[in-house]
Amino acid sequence: MKRIIAAAALLAVMISCQTKNPFLTQWDTPYGIPPFDQIEEKDYIPAVEAGIKQQTEELQAIIDCPDAPTFENTIAPFDRSGEILDKVSGVLFAVSESDATPTLNAIVEQAMPMIVEHSSSIFMNEAFYKRVKAVYEADQSALTREEQMILKDLYEAFEENGIGLDADGREQLKNINSELSTLALSFGNNLLDESNAFKAEFGFSVANYYDKMASEPDRAVREKIFKGYSLRGNNGNEKDNKANILRIMELRIQKARLLGYETPAAQILHSKMAGDPATVDAFLSGIMEAAMTRAKEEVYDMQKVMDQDIAAGILPAGSKIEPWDYMYYAEKVRKARYALDEAQVMEYFQMENVRNGVFTNASKLYGVNFEPIDGVALYNDEAEAFKVTDSDGSLIGVLITDYYPRDSKRAGAWMTNFVNQCEGVRPVIVNVGNFNKPTADTPSLLNIDQVETMFHEFGHAIHGLLSQCKYKSLSGTSVKRDFVELPSQINENWAFEPEVLSSYAFHYKTGEVIPEELVAKVVDAANFNQGFTTGELCAASILDMKWHELTSVEGISVDEFEKQVCAQMGLIDEIIPRYRSTYFNHIFGSSGYSAGYYSYLWAEVLDKDAFELFKQKGIYDKETAMSFRHNILEMGGSEEPMTLYKRFRGADPDASALLRARGLK
């Protein structure tokens with residue numbers, strides 16, 4: 001109790017001395033949105049320091065408790081600890097990804113090792129571990145299932161963070177973790193700079209790469225664009241990421257061995273749904289075989305169109321499909337086969353209308369409502385905020401959308417939390433994208449992939465928003481990596497359903513709803529080019545696994561290793577992995593998908609199997625939708641993923657659902 005009083009007194013002193021630092025005060029803002037208009041870059045490091053100090057005091061109070069360890073005096077107070085650190089890290093890392101400045105990047109580079117060292121000190125604290133172990137080994141029958149899960153996760157976190165190592169081993173692991181965090185930041189910053197250099201050279205963002213490659217008629221220009229895109233981080237300059245990759249893998253191999261595993265993949269996967277590398281490898285191999293069979297057919301069809309260009313004198317004799325030709329000639333085949341012109345389709349996909357469609361879809365499924373929040377300060381003027389309420393009017397949380405590219409934002413699309421849900425706290429969540437920006441005379445018009453991406457990222461958002469967990473460590477998307485993509489990917493399935501399209505696909509000039517014949521073309525073409533689409537995704541997943549199945553990086557060349565892996569997996573020469581190693585931020589940056597990029601395909605088995613139930617019952621069947629809400633979206637990590645899935649589906653997932661949905665079986 002004395003320690004708790006001391007911690008409260010410390011916090012009071014910090015607040016009274018530094019009232020201008022918004023991270024050290026209670027936020028008097030609408031719905032708990034961070035006070036972005038009050039936050040200055042100089043606030044971050046003092047807040048990180050104060051947050052570490054606060055949580056250290058709180059941890060010591062738990063350790064000094066004279067009573068025998070119980071869930072209520074050990075596990076629960078630890079989950080509640082670290083309020084200041086949660087606030088500052090939630091804002092700092094989210095903003096640094098979407099609206100970075102050179103000084104903010106420097107702040108992150110300073111803060112990250114501090115936070116990593118603090119986390120390491122918690123999970124290498126023998127006294128705290130003894131209390132957690134005592135609770136774990138005691139009778140758990142009186143605990144709720146959520147309490148059992150958080151206890152299990154916390155206990156295993158000690159094991160995974162080296163509590164069983166001797167003093168030298170712990171120090172080595174702490175240093176490895178610290179250096180890995182720095183290298184991940186370096187990798188990401190290099191990639192952002194390289195992506196900005198690409199934009200400066202070619203005049204468009206990497207987010208528009210696929211569109212440009214599908215529409216650029218000049219083959220020499222396409223080749224130049226392809227090389228500029230695919231060599232990011234691999235140009236032998238100060239932003240080259242090859243040395244970062246080798247050092248990252250060297251350290252991950254050292255870490256795995258310290259913890260008793262043969263490879264990083266074995267260490268990472270032992271706690272995931274898949275369980276081990278062999279399971280993932282076999283899973284991906286089957287998908288890759290089906291994808292390449294289809295891809296070879298696609299190349300054959302494209303070559304026939306290219307041969308017509310050769311006959312017309314547009315290309316020299318002997319020209320063959322190359323990687324920079326794939327999307328261009330695939331688009332020609334698609335137009336000829338389905339009479340589908342994506343430029344025409346985009347005229348019906350104005351960003352604001354698509355977003356309204358995403359919201360309407362969620363309202364029909366889960367009974368939630370969205371209301372713009374006007375006059376609230378956000379971290380960038382392009383971001384917009386929405387109040388999310390339930391059917392009874394109660395607050396669910398806040399969703400911020402930030403959809404346009406800028407030099408300060410990394411490429412891609414993602415969801416993250418500014419505020420995590422827990423008992424008594426509703427979340428503040430952001431969806432970030434890099435969609436086509438409006439111009440002086442044209443609003444933001446999305447292509448088919450971008451529409452799908454908006455539905456995808458909102459699936460993550462609704463997972464976070466609808467969370468009803470008591471403990472923040474388990475709430476929302478705090479689930480196993482190979483389960484987290486289920487809510488996002490199942491949400492994509494509604495995007496192009498005719499009934500859904502009629503709610504949002506309006507011509508940006510006339511307001512006309514998308515014609516039925518155009519809808520039919522979109523639906524008919526949905527599985528077009530799946531050899532390429534599935535193949536590039538599966539290739540990246542296999543590349544990720546092969547990096548993390550290494551036992552040494554001695555003598556390895558990044559380029560040669562990647563080339564060898566692609567050959568071994570059977571990837572045809574006309575396709576490259578969706579992410580080549582030097583710009584694979586998911587696995588070498590701070591995204592947390594190392595030995596986990598397969599999760600998109602793994603979760604797709606679940607999402608396609610689950611959506612088949614919706615198709616059987618009706619895509620807006622209320623009983624099915626509310627079952628998905630209650631058994632999946634509200635539960636976070638409070639139960640084992642497959643248990644949750646079976647509660648919803650009533651059966652094991654059908655592994656062939658993925659190949660059926662992609663038209664590969």
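Quick note: residue numbers are just sequence positions, from 1. Scope of the values below: all heavy atoms of this structure, side chains included, with no hydrogens, waters or symmetry mates. Since this is a predicted model, take the numbers as computed values, not measurements.
- In this structure, a donor-acceptor pair under 3.5 Å is absent between the side chains of Asn420 and Ser475.
- At a threshold of 4.5 Å between non-hydrogen side-chain atoms, the residues Lys472 and Asp86 count as touching.
- In this structure, the side-chain hydrogen bond (donor to acceptor under 3.5 Å, both in side chains) partners of Asp325, at least two apart in sequence or on a different chain, are Arg219, Arg222.
- Taking 4.5 Å as the limit, some side-chain heavy atom of Phe226 sits within range of a side-chain heavy atom of Ile576.
- Of the possible donor and acceptor atoms, one in the side chain of Arg294 sits under 3.5 Å from a partner among the backbone N and O of Gly663.
- Applying the salt bridge (charged side-chain N to carboxylate O under 4.0 Å, His left out) test to pairs two or more places apart or on separate chains, those with a residue in residues 261-284 are Asp281-Lys546.
- In this structure, a donor-acceptor pair under 3.5 Å is present between the side chains of Gln55 and Ser81.
- Listed by chain and number, the residues in a ring-ring contact (aromatic ring centres under 6.0 Å, His included) with Phe418 are Phe36, Tyr379 (sequence neighbours excluded).
- Under a 3.5 Å cut-off, the side chain of Arg232 and the backbone N or O of Phe198 do not form any donor-acceptor pair.
- At least one donor-acceptor pair closer than 3.5 Å links the side chain of Ser121 to the backbone N or O of His118.
- Donor-acceptor pairing under 3.5 Å is lacking for the side chains of Tyr136 and Glu156.
- The backbone N or O of Leu165 sits less than 3.5 Å from a side-chain atom of Arg170, completing a donor-acceptor pair.
- For Lys296, the NZ atom counts as loosely surrounded, since its 6.0 Å shell holds 12 or fewer non-hydrogen atoms of other residues, nucleotides or ligands.
- Here the side chains of Val553 and Phe561 are not in contact, with every heavy-atom distance at 4.5 Å or above.
- Within the structure, side chain to side chain donor-acceptor pair (under 3.5 Å) contacts touching residues 528-540 (residues at least two apart or in different chains) are Tyr210-Glu536, Gln530-Thr534, Gln530-Arg662, Thr534-Arg662, Glu536-Arg578.
- A donor-acceptor contact shorter than 3.5 Å is absent between the side chain of Ser119 and the backbone of Ile115.
- Each of Asn234, Asp559, Thr582 was compared with Lys242 under the side-chain hydrogen bond (donor to acceptor under 3.5 Å, both in side chains) criterion, and only Asn234 meets it.
- In this structure the side chain of Glu574 never reaches within 4.5 angstrom of the side chain of Glu298, judged on heavy atoms.
- The aromatic rings of Phe648 and Tyr645 sit perpendicular, their planes meeting at an angle over 60°, well past the 30° parallel limit.
- Looking at heavy atoms from C-beta onward, Tyr600 lies in side-chain contact with His586 at the 4.5 angstrom threshold.
- Looking at Asp99, its side chain never comes within 3.5 Å of a backbone N or O of Ser408 through a donor-acceptor pair.
- Both the sub-6.0 Å distance and the 45° axial angle are not jointly satisfied by Arg580 relative to the ring of Tyr583.
- When the shell of 6.0 Å around CD of Glu159 is examined, it contains more than 12 heavy atoms from other residues, nucleotides or ligands.
- Side-chain contact check for Gln254 and Arg257: no donor-acceptor pair (N or O, by modelled atom type) lies under 3.5 Å.
- Using modelled atom types and a 3.5 Å distance limit, the side chains of Asn189 and Glu109 yield a donor-acceptor pair.
- Taking the ring-ring contact (aromatic ring centres under 6.0 Å, His included) definition, one finds that Tyr403 meets it with Phe435, sequence neighbours left out.
- At least one donor-acceptor pair closer than 3.5 Å links the side chain of Glu562 to the backbone N or O of Ser581.
- When side chains are defined from C-beta on, Phe78 does not count as touching Val132, because their heavy atoms never get closer than 4.5 Å.
- Between Glu639 and Arg145 there is a salt bridge, since a side-chain N of the basic residue sits under 4.0 Å from a carboxylate O of the acidic one.
- Counted by atom type alone, Gln267 and His548 present zero donor-acceptor pairs between their side chains at under 3.5 Å.
- The local environment of CD in Glu640 is crowded, with over 12 non-hydrogen atoms from other residues, nucleotides or ligands closer than 6.0 Å.
- In terms of the side-chain hydrogen bond (donor to acceptor under 3.5 Å, both in side chains) criterion, residue partners of Lys608 (sequence neighbours excluded) are, by chain and number, Asn493.
- Residues Phe128 and Phe158 bring their aromatic ring centres within 6.0 Å.
- The ring of Tyr598 has its center no closer than 6.0 angstrom to the ring center of Phe283.
- By the 4.5 Å heavy-atom criterion applied to side chains, Glu604 and Glu485 are not counted as neighbours.
- Side-chain atoms of Tyr471 and Asp153, non-hydrogen and from C-beta on, never get closer than 4.5 Å to each other.
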